Every structure is written in C-alpha cells, then in structure tokens.
Amino acid sequence: MSHLPLPLYGFAAFFMVFWLGTWMVHVIAICYGRYKLHKKSCKLPTEAEPLPGVSILKPLMGVDPNLQHNLETFFTMDYPLYELLFCVEDKEDPAIQLVEKLLAKYPLVDATLFVGGSDVGVNPKINNIHPGYMAAKYVFVMISDSGIKMKDDTLLDMVQNMSEKHALVHQMPFTSDRDGFAATFEKVFFGTVQSRIYLSADVLGINCHTGMSCLLRKAVIDQLGGLRAFGCYLAEDFFIARSVTRLGWKMRISNQPALQNSGLCDIGSFQARLIRWAKLRVAMVPTTILLEPLSECMILGAIAAWSASVLFSWDPLVFYLVHVLCWFLSDWLLLSIVQHGSMPFHKFEFVVGWLFRELTGPYLFLHALWNPAIRWRARTYKLHWGGVAYELNRPATDAANDPLAPQPQPAPTLEPAVVNAGTTGDTLICTGAKQRLLVS
C-alpha cells in the first residue's frame, strides 16, 4: 500500500469523509424522525385565535379503485372551516361523476367542481388546478394529489405547523398499508431512501419539497405571481418552495406523513415514476449526477471499503459486509419510526423489498440519464437545465384554452338550493347539491 501514488490516498480520504457524512445523514434522519413524526400538537384553537380557513385543491384525472375512499376522507375531516375545490381538465373524465356523487352525499361540506382547466403553461397539474386556485377564498391553500388519503386530524396538524414565520408546510411522502409486493416496495422506498433525505433536508434547511400534499399562504403565492407563474416548470413544487424561501419565509414538514393510497400499484409504473423524478432532479440540480449514485448503499459501500483498505489496511470484504448490514438495520429502524405501528408485511418481505430497491436504484438513475425525455401520462416533455420544460409535439392551443379567457362562471342548473357551508354557520347559494363550474 505504501507504494501507491499519492493522489490515490487523497481520493481514498475524500470518499471516507463522504461515507462518514452519509452516515451522519442516517443519524439525523432517525433522530429527527423520532422527535418530529406523529407528534400530537397540544395547541387548541380559542375564540380569540380561531383556526383559519383552508381552500383545498384536488386535481383529478381518471379513477382508480381507491379514489372514492381517498376523496371521502376529505369530506370527513375534523376541521371547522375549509372548502374543497375539485379540478378536472377533461369534460368526459369519469372522475366527474364520482365527485358529483360525493357532493350529493355530503351536502353540508363546502365543495365545488371545476371542469375544463386553464392553459397557463406546460405543467398539466397547474393547468388543471388553476381555475380552482383563482376561486379559492381562504388565506391558506392546500394542494393535495388525488391519491392522498387524509386522517381526521391531518389538516389540523398542518395548520398548526404553519407559524408566523412559515409560508409552506408539506407532508413527507409515505404510503398507506396495502397488499402485494409492489406496495411493499413502495413503502420500503418512501420509508427509507425518501424519508432519510426528506427528514435530514428539513433539519438542514435544504429544499426537498414534494407537492403531493402541501399547505401554502395564498398571499405569498399571489405575491410571486400566482400558480400560473410556475406553469413553465414540471417540478412546480421545487420552484414554489425555492421562491417562497427567497422571499424570507420558512418551510417545514408536518408531523404526519402523507398517505399515498393509489388503487393502481405495480412495479413497472412505480419505477417509471422514480425515473421521472430522477430526470427532474438532474435538470434542476445538476450536481445530482455525481452525488446521487455515490449515496447508494452498494456503490458507496464498495468505494468506502476500498478507501478503508488503502488508508487503514482493513479487509475490504469485511468492511463492505458490515457496511451493508448496518445500512440495512438503520433503514429498518427508520421505516419503523415512519410507519409508527406494526408493519403490513413480514420481515422477510422487507429484506426482499430492500434488496430489490438497493440493487435497482443505480440502474434506474442511469436509465434517467440515458433518456432525458419525460413521459407524464400521455404527454412527453423535455427539460432545459434549470428545470424549465417544454412539451414535445404539443398541439396548437385553441381560443377556448386561452389563459386570458374570462373567469369561469356557474353553469346553468335546474333548481337552486341553500346549503350550510361547512360547520361555520354561514349559508351558501349553490347549484343543485353543490357548485359545478364549467371552464370553457
């Protein structure tokens, strides 16, 4: 070893320091997760400080076996003042019928259905929810994806995490308990790799925001130009968070993780989702090209084992095996903290799911680098460095989708009805059981 070139010792020292830093991330995530997650707030609303109203934007496209149950959890939340703004872009979408069924079932919940969307950029999610955002009437706006399932007190928890210094509270992505290996794989990913990065980033003040479930100060977003200002990005969540913090506001995660509960769960579609996320990260933060592969358990362990053999003459095989074992155990501990209850699978299933994730992770990242085009549902996009997106083969925009078109108006109905707007005691004149706004 003493005859090795001096630069090799420098590389070995660098990788050993990087290895130690990665383990610090593990420690931070475990400690902060134990402190932060699932903690019940003792702060109760008073007459002097009542809870603020929240406008909840729900973008919908298509239906799956769990969609009705997921949406119904928003109608039954234990929160005094909120409105539900369901947004559907396609007038023939079967989600419309499902939403109308729920509106009729819960006539006392303040809810509105928007159909048609807007054309304010390339981001289909922003285009879909923009009419709902423009109609939002409360100081806080929550953006919640269709696959999210809410607990009774989740919204209360998010609002209570919104202090005077914060303009953005977001939920750490996780999954509901479901059957099958694909569901196990998803839970392992979100409860280990994703949670480790998410929790440590929140401690260190690094932007790691995902927009599947987040609470925003509407006045701050309006100051930034509204949601339409972020329509040119596919990763609008990242750029919203970056813009909010640049104004001097803070952001943080809530105590409860977001429960993804999609009824369609398979390995192929989830891996395609991971590849799409990797492409977005590479375009937004180019250093990801180097840092992300090096943070993988198997790759980092091999490099650190070589470094240990160069610097300390340790047996590289023993070092590597101990590294993998410790990584495995720390991931199990972190997943147990995030789950906060019994696992829906056996330990052997976790072993298989964990190995599958660790072995396929580098391949998925290389696949993302090889083909940078992003396929999202039926559309294909490409990204410029910095995250600005453009759609490939985008059809010409007709006048009906012009962003300067008039604001949506209530569609004509057969009979008006007076219903109670939530639990506030106010009344609202609605069309039918609830409002349906048709965006033309």
Side-chain angles (χ1 to χ4, degrees), residues 24-25 27-45 49-57 79 81-82 126 129 133 136 138-145 148 150 153-174 194-227 229-230 233 235-258 280-281 284-285 287-288 337-338 386-387:
M24 284 300 300
V25 171
V27 174
I28 290 173
I30 291 172
C31 294
Y32 185 58
R34 189 65 180 268
Y35 161 77
K36 175 71 175 178
L37 298 180
H38 307 287
K39 183 171 65 174
K40 297 293 183 180
S41 175
C42 298
K43 182 180 178 182
L44 297 175
E49 296 184 19
L51 291 170
V54 180
S55 299
I56 303 176
L57 298 171
Y79 194 83
L81 185 61
Y82 67 94
I126 295 294
I129 65 176
Y133 175 83
Y138 292 126
V139 293
F140 291 149
V141 172
M142 179 182 182
I143 301 176
S144 175
D145 287 355
I148 298 297
M150 296 287 274
D153 60 343
T154 300
L155 182 57
L156 176 64
D157 172 70
M158 297 181 74
V159 170
Q160 291 183 336
N161 271 281
M162 183 76 79
S163 74
E164 295 181 354
K165 297 179 180 179
H166 293 85
L168 170 58
V169 173
H170 51 114
Q171 290 187 278
M172 184 180 75
F174 195 48
Q194 183 79 2
S195 294
R196 181 166 63 246
I197 299 301
Y198 220 88
L199 290 167
S200 57
D202 194 57
V203 171
L204 301 174
I206 299 172
N207 181 5
C208 194
H209 168 232
T210 60
M212 66 178 61
S213 182
C214 61
L215 187 69
L216 304 160
R217 289 187 184 273
K218 190 172 188 296
V220 176
I221 303 303
D222 287 340
Q223 183 181 351
L224 293 168
L227 285 183
F230 303 95
Y233 306 108
E236 81 291 337
D237 43 12
F238 174 86
F239 292 98
I240 288 174
R242 188 179 71 172
S243 300
V244 165
T245 54
R246 284 180 174 178
L247 288 179
W249 292 91
K250 296 182 179 294
M251 66 175 182
R252 65 179 175 189
I253 64 172
S254 64
N255 297 344
Q256 296 185 16
L280 290 171
R281 290 193 300 272
M284 295 183 300
V285 187
T287 52
T288 300
I337 292 172
V338 178

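Any value given below was found using the heavy atoms of this structure, including those in side chains, with hydrogens, waters and symmetry copies removed. In this text the structure is predicted, and so the values were computed from the model without any measurement.
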- M172 and D202, any side-chain heavy atoms less than 4.5 Å apart: no

- Query: How about R217 and V244: do any of their side-chain heavy atoms sit closer than 4.5 Å?
  - Reply: no

- Message: Using a 3.5 Å distance criterion without hydrogens, assess whether the side chain of Q171 forms a donor-acceptor pair with backbone atoms of Q256.
- Response: yes

- Task: Start with the C-alpha gap between T245 and N207, add the side-chain angles, then the distance that decides, and say whether side-chain contact (heavy atoms from CB on, under 4.5 Å) holds.
- Result: CA-CA 9 Å; T245 54; N207 181 5; over 6 Å; no

- Parallel, tilted or perpendicular: which fits the ring planes of F239 and Y233, with parallel below 30° and perpendicular above 60°? parallel

- Note on the structure: dist N255:CG -> T154:OG1 (nearest 0.5 Å) comes out at 10.5 Å

- SG/C214 to CE/M158 distance, rounded to the nearest 0.5 angstrom? 6.5 Å

- Query: Yes or no on side-chain contact (heavy atoms from CB on, under 4.5 Å) for L227 and E236, after CA distance, side-chain angles and deciding distance?
  - Reply: CA-CA 9 Å; L227 285 183; E236 81 291 337; over 6 Å; no

- For the residue pair F140 and L215, what are the closest heavy atoms and their distance? CB-CD1, 3.9 Å

- Query: How about K39: does its NZ atom have over 12 heavy atoms from other parts shown lying under 6.0 Å from it?
  - Reply: yes

- Neighbour count >12 (heavy atoms, 6.0 Å) for atom CZ, R252: yes

- Okay, side chain of D237, backbone of M212: is any donor-acceptor separation there less than 3.5 Å? no

- About how many Å separate CD of Q194 and CG of L199, when rounded to the nearest 0.5 Å? 10.0 Å

- Is K36 reaching over with its side chain to a backbone N or O of I253, donor-acceptor style, under 3.5 angstrom? yes

- Going from CG on N161 to CG on L168, what distance comes out if it is rounded to the nearest 0.5 angstrom? 11.5 Å

- Would you mind reporting whether M162 and S254 have side-chain heavy atoms less than 4.5 Å apart? no

- Taking every non-hydrogen atom, the tightest pair across Y82 and I56: CD1-CD1, 3.9 Å

- Query: Is there a donor-acceptor pair closer than 3.5 Å between any side-chain N or O of S200 and the backbone N or O of A29?
  - Reply: no

- Message: Rounded at 0.5 Å granularity, tell me how far NZ in K218 sits from OH in Y133.
- Response: 4.0 Å

- Query: With no hydrogens and no angle check, is any side-chain donor or acceptor of H170 less than 3.5 Å from a backbone partner on G211?
  - Reply: no

- Query: What distance separates I221 CD1 from I240 CD1, expressed to the nearest 0.5 Å?
  - Reply: 5.5 Å

- Search all heavy atoms of L155 against all heavy atoms of M142 and return the closest pair with its distance. CD1-SD, 3.9 Å

